[in-house]
Structures are given as structure tokens and as C-alpha cells.
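Remember, it's a predicted structure, so these values are computed and weren't measured experimentally. This chain uses plain numbering: 1 for the first residue, then up along the sequence.
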Amino acid sequence: MTELRQRAVREPDAPPEDKELESEVKVDGETASDTESRAEAVPLSTSADDTPEVLNRALSNLSSRWKNWWVRGILTLAMIAFFFIIIYLGPMVLMIIVMCVQIKCFHEIITIGYNVYHSYDLPWFRTLSWYFLLCVNYFFYGETVTDYFFTLVQREEPLRILSKYHRFISFTLYLIGFCMFVLSLVKKHYRLQFYMFGWTHVTLLIVVTQSHLVIHNLFEGMIWFIVPISCVICNDIMAYMFGFFFGRTPLIKLSPKKTWEGFIGGFFATVVFGLLLSYVMSGYRCFVCPVEYNNDTNSFTVDCEPSDLFRLQEYNIPEVIRSVIGLTTVWMYPFQIHSIALSTFASLIGPFGGFFASGFKRAFKIKDFANTIPGHGGIMDRFDCQYLMATFVNVYIASFIRGPNPSKLIQQFLTLRPDQQLHIFNTLRSHLADKGMLTAGTEDE
């Protein structure tokens, strides 16, 4: 900016394009840095007491510290009870809840951006934000329907056409939004409008993409959905408990109330909890079987023959631990070993999702994303660690658990032309014969 002013003094007859550039940098006597500082000065929200009146009266004699402890505790139990109810209602309800949580989290983050920059009257900001949310959800859920409802899609002609051209339709919808954004650009607000364009897309990346991974984890089996989420919840509760009663040493400046005592205590408690929960759930088919769509009944089924991952096996105990506990072997489900990795991530890396959210809130001088849940803040305040956990679980399954899916291969095989099917059949028969898995008589038949 200083350089432009010096050039204007030295070159009174500067070319028109230079004058235009200066007028863009400084509009109505206000520089871009002035615009940013003015935006930061906008008050976003007040931390009003949103505790229900019933709890306020019941806890009126307690100090603010213990009052907050009881409010958080009571509402945490209520949320856990609600979590059990939606698990009981089945996969379809879980997917709807994930969708609702995703929309609410997106709304909370976009609302912060709107509150910061609403005084500038940016055209179409909220409209385009929600339009892009619709486009991205159409793309992701369309991919999910094609993958997991393949037979249904092929049976219905409209769905088959939509599935065939799904990515082209999704890209076209996005291009419409992109063109609308370009047409909405206003000369004096270029920088802010691109800020908000980036704001919307980063929000979509954090919220929508990762919530889609939650649904993919759910289709692998309810246990891959419940155990990771429960580990994050357990770590959040136990870290708070250990920090509340024993916390002395600050952990990180972004969250002054977090302590090393709570961080370490939450880790050990979560690992033990993960082992116990995995042991209980691994014995039930409704939790370990992949969620599949039954075309005959038009409903989801979770019935299968459990894989080796969910069968008890005997393991030798290392010498160091054997001398302490006095046992040489132990019977465990292999999934319990994987649960150690899940609970470790939930305890050591998952909290960084919360620290990231804390930094974001501090940048805009707000306490919570919203006041949806008294004592806890907004929905995003409760799911800041869950989204990071969902990504890890999806990557973990793809890297160490998931193998080729025969049912999907057969579904794709049946959609091929007859000559293609015959070619694959002959190739497979020759391959099996070469490996000695087919006898000559069987091959002739």
C-alpha cells in the first residue's frame, strides 16, 4: 500500500490501470487491512447462561465450578441415553441422525462467517453456501446409493439413469454454483467474497466429507461406528473427570482448562473402556455383521457368519506381563487388538480436533459454536473430535481390514454384456484349472 502511494506521488500521470489498482486496494478511504480489522471487531455472540431453569434452581446453592460440573454431567448422561436409543432404532435412523448433525454443524460454522461479515452485505453468501452443501451431499449420497443399493438402482430405470450419469450431474450442479459466485462478485468486496468462498469449501471438507465417512464406517458393521464414537465420548468424559479432580499442569494454551493429568488419565481409561466394549459387542452378530440392503424385504439386514476378526482366539502373553498377572495365555477377539489402536487414536490424536476448534473459536473471540446444548455449546463443539476419528477409522479399515467384496464383484459382473460375462467366465475357469482347483470332468461340465 505504501509503495502504491509513493508511485502515485512520483508519477502524477500514472497509467489508468495503476490508478484502477490503487482504487481497488483502497475503497472509500478504507484499506483491505482496515476491512479485516473491522471484521474482527464485530462481536459475534454473548455467553449467556443457557442452563434450563429447572437445573438453575436445583443447583443455585453450588459454586459456579460445581454447578457447571453437574450441568455437564446431567446433560452428558442425557446425550448418552439418546445415543443408545438411536442405536436401537437401527442403521437407517443412524444415517438420518448423521445427516442432521452434519447440517447443524455446517449451519453453526457458516453462521459465524455470516455474523463476522454480514455488515458488508455480501451478495448471495448464505444462498451459495447452502447450495454448495446441497451439491456436495448429492454427490456423496449418490455414490453411497450406487455402492450399497446397487441391485435396487439397476432395477429402477430412473435410478439407473441417475446412477449412470451421477458424476456428470454432480459436476454440472457445482459448475452452476461456481458461475453464480463469479457473477456475484462486487468490486469493493473481492477479497472478502473469496474469503467466504474458501470458508464455505473448507467447511464442506471438514464437515460433509467426514460425515460421509461415518456412514461408510457404519456399513462395515455397527461395531465400527459405535466403538470409535464411544471411545471419543469416553475420553472426553474421563479427561474432564481426571482434570477436574487432579488437574494441575496446563496442557496447551489453546485450551487453558485442559491438563496433562486429564490427558493421561483419559488415555488409560479409554484404552480399558475400548477393550471391554469391544469384548461385549464382538459376541453379537447385529453389531459385527456388515449392514446390507435386502432387496426382497426392502430393508437393511445385519445377519451373517462372523469373520475371524470376531471369533475368540488364544494369545500368548509376553514374558514381562506374564510375571505380573500370572497368566500364560488369554482368550480375546482379534477385534480387541484393533480397538487398542482406535482408543489410542481417540485419546492421543482425537483431542487435537478439539484443540483445532478451540483455536478457531479464539480467532473469532467466541466461547462456543452455538448454545444448542446447555453446558456443552453447539453440536460442532461435541463433534469436533468425532470427525477426525471418522477419517482415521475409514483409513484404518481400508488399510488393515477390508478385502475384496465378492457380492459387489458379482453385482458388477451381472451388469456386463453377455459376451463380456462369457469372457470373464472362461478366463476364470482357465485360471482355476491351471491352479488345480478344477478337475477335467468339472471343466467339461
I'd like a table of donor-acceptor pairs (distance under 3.5 Å, sequence neighbours excluded) in which one partner is a side-chain atom from residues 218-225, with atom names and distances.
unit_1	atom_1	unit_2	atom_2	d
Glu220	OE2	Arg402	NE	3.1
Glu220	OE2	Arg402	NH2	3.1

- Spacing of CZ belonging to Phe83 relative to CD1 belonging to Ile97, to within rounding of 0.5 Å: 11.0 Å
- For the student: nearest non-hydrogen atoms of Gln102 and Val208, plus distance: OE1-CG2, 3.8 Å
- May I ask you to check whether Tyr174 and Tyr138 place their ring centres under 6.0 Å from each other? no
- Check the angle between the aromatic planes of Phe263 and Trp260 and answer parallel, tilted or perpendicular using the 30° and 60° thresholds. perpendicular
- Query: Would a 4.5 Å heavy-atom cut-off, applied to side chains only, mark Phe369 and Thr111 as touching?
  - Reply: no
- Message: Using 0.5 Å steps for rounding, measure from the OG atom of Ser211 to the CD1 atom of Ile206.
- Response: 12.0 Å
- Note on the structure: In this structure, CE of Met380 is separated from CZ of Phe360 (nearest 0.5 Å) by 8.5 Å
- Message: On a heavy-atom basis, which atom in Pro228 and which in Gln386 lie closest, and how many Å separate them?
- Response: O-OE1, 4.4 Å
- Message: Are Tyr131 and Trp124, when compared by the centres of their aromatic rings, separated by less than 6.0 Å?
- Response: no
- Task: May I ask you to check whether Phe132 and His201 place their ring centers less than 6.0 Å from one another?
- Result: yes
In residues 250-258, what donor-acceptor pairs under 3.5 Å come from side-chain atoms, sequence neighbours left out?
unit_1	atom_1	unit_2	atom_2	d
Ser255	OG	Ser358	OG	3.0

- Message: One thing to verify: whether Lys104 and Glu108 come together as a salt bridge, which I'm taking to mean a side-chain N less than 4.0 angstrom from a carboxylate O.
- Response: yes
- Message: I need the Phe335 CZ to Leu277 CG distance, nearest 0.5 Å.
- Response: 8.5 Å
- One should read off an interatomic distance between His107 NE2 and Ile112 CD1, to the nearest 0.5 angstrom, of 10.5 Å
- Item | Check: Trp199 ring centroid to Phe364 ring centroid under 6.0 Å | yes
- Task: Let me know which of Tyr333, Tyr284, Trp331 forms a ring pair (Phe, Tyr, Trp, His ring centres under 6.0 Å) with Tyr279.
- Result: Tyr333
- Message: Taking Leu275's backbone N and O only, do any of them form a donor-acceptor pair with Ser278's side chain (distance below 3.5 Å, no angle check)?
- Response: no
- Between Phe246 and Phe242, what is the ring plane arrangement, given parallel below 30°, perpendicular above 60°, and tilted in between? tilted
